Trainee: 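Handing you this structure, nothing more for now.
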Amino acid sequence: QVQLVESGGGLVQPGDSLRLSCVAYGFSLEYYAIGWYRQAPGKEREGLSCISRDVPTRVGTKYVADSVKGRFTISRDNAENTVYLHLNSLKPEDTAVYYCAADSTCVDYELGYFGSWGQGTQVTVSS
C-alpha cells in the first residue's frame with residue numbers, strides 16, 4: 001500500500017525553525033517528484049516546493065515558490081526514504097497544515113494535481 005506520512009509540525013515562536021518530514025511507505029521516493037504544500041484556514045492550498053525524481057545522470061532538481069524562497073528549503077534522504085522541508089524564520093502567517101504529495105514530475109506542481117497525498121502536519125507560529 002502506497003502511503004505518505006508527514007511529521008515534525010508543532011507550536012513554535014516567530015523566528016524559529018522546523019524540519020518537516022515526509023516518509024514514504026510502499027514505494028521509493030527517489031523515483032518520484034515530491035511536493036510540499038500548505039493550507040491555512042479559509043485559504044486555498046499553496047504549493048511551496050518540489051524536488052524532482054533522481055535520474056542516473058543527476059539528482060533531483062529543487063523548486064521553491066517565490067513566497068517562501070530564502071526561508072524554506074527542500075531536501076531528500078534516499079537512505080531514509082524521506083523528503084524534508086526545512087522551515088526557517090517562521091512567521092505567524094506560516095501557520096497552516098503542511099502536506100507532502102507524490103507524482104511523476106514537478107511540472108506545474110503549484111497547481112497541486114499530485115496523485116498521492118499524506119494526511120498533513122500542523123504548524124502553528126505564535127508568540
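Model, not experiment: these values are computed from the prediction.
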Trainee: To check you understand the geometry: which heavy-atom pair defines the closest contact between Ala96 and Gln122, and what is its length?
Mentor: O-NE2, 3.4 Å
Trainee: Please round to the nearest 0.5 Å and tell me the distance separating atom CG of Leu85 and atom SG of Cys50.
Mentor: 11.5 Å
Trainee: Taking Asn81's backbone N and O only, do any of them form a donor-acceptor pair with Asn78's side chain (distance below 3.5 Å, no angle check)?
Mentor: no
Trainee: For the residue pair Arg53 and Arg58, what are the closest heavy atoms and their distance?
Mentor: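 In this case the closest contact between Arg53 and Arg58 is O-NH1, 4.4 Å.
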Trainee: Looking at every non-hydrogen atom in both residues, tell me the closest pair between Arg76 and Leu29 and how far apart they are.
Mentor: NH1-O, 3.6 Å
Trainee: Does NZ or CZ of Arg19 fall inside the cone over Tyr84's six-membered ring, less than 6.0 Å from its centre and within 45° of the axis?
Mentor: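 Because its charged atom sits under 6.0 Å from the ring centre and within 45° of the axis, Arg19 does stack over Tyr84.
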Trainee: Considering non-hydrogen atoms only, spot the tightest contact between Lys69 and Val64 and give its length.
Mentor: CE-O, 3.3 Å
Trainee: Can you confirm whether Phe114 is buried at CZ, in the sense that more than 12 heavy atoms of other residues, nucleotides or ligands lie under 6.0 Å from that atom?
Mentor: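 Check passes, neighbour count above 12.
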Trainee: Is it the case that Ser75 and His86 place a side-chain donor and acceptor less than 3.5 Å from each other?
Mentor: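 Their side chains do contain a donor-acceptor pair, which is all the 3.5 Å distance test asks for.
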Trainee: CG of Asn88 to CG of Leu18: how many Å apart, nearest 0.5 Å?
Mentor: 9.5 Å
Trainee: Which atom names give the shortest non-hydrogen contact between Ser52 and Cys106, and what distance separates them?
Mentor: N-SG, 3.5 Å
Trainee: Classify the ring geometry of Trp117 against Tyr37: parallel below 30°, tilted from 30° to 60°, perpendicular beyond 60°.
Mentor: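 Rings of Trp117 and Tyr37: tilted, 30 to 60°.
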Trainee: On a heavy-atom basis, which atom in Pro14 and which in Ser127 lie closest, and how many Å separate them?
Mentor: CD-N, 3.8 Å
Trainee: With side chain to side chain donor-acceptor pair (under 3.5 Å) as the test, pick out the partner of Arg38 among Thr95, Thr121, Asp94.
Mentor: Asp94
Trainee: Give a yes or no answer on whether the side chain of Ser28 reaches the backbone of Glu30 with a donor-acceptor pair at less than 3.5 Å.
Mentor: no
Trainee: Name every donor-acceptor pair, under 3.5 Å, that has one atom in a side chain of residues 3-13 and the other anywhere in the protein, sequence neighbours excluded.
Mentor:
{"residue": "Glu6", "atom": "OE1", "partner": "Gln119", "partner atom": "N", "Å": "3.0"}
{"residue": "Glu6", "atom": "OE1", "partner": "Gly120", "partner atom": "N", "Å": "2.8"}
{"residue": "Glu6", "atom": "OE2", "partner": "Cys100", "partner atom": "N", "Å": "2.8"}
{"residue": "Glu6", "atom": "OE2", "partner": "Gly120", "partner atom": "N", "Å": "3.4"}

Trainee: Any chance you could measure Ile34, atom CD1, to Tyr109, atom OH, to the nearest 0.5 Å?
Mentor: 13.5 Å
Trainee: In Å and rounded to the nearest 0.5 Å, what is the CZ to CG distance from Arg71 to Leu87?
Mentor: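 If we round to the nearest 0.5 Å, Arg71:CZ and Leu87:CG are 8.5 Å apart.
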Trainee: Less than 4.5 Å apart, any side-chain heavy atom of Tyr63 and any of Ile51?
Mentor: no
Trainee: As an exercise, state the distance from CZ of Phe72 to OG of Ser89, rounded to the nearest 0.5 Å.
Mentor: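 Between atom CZ of Phe72 and atom OG of Ser89 there are 9.5 Å.
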Trainee: When rounded to the nearest 0.5 angstrom, what is the spacing between CG in Leu20 and OH in Tyr99?
Mentor: 13.0 Å
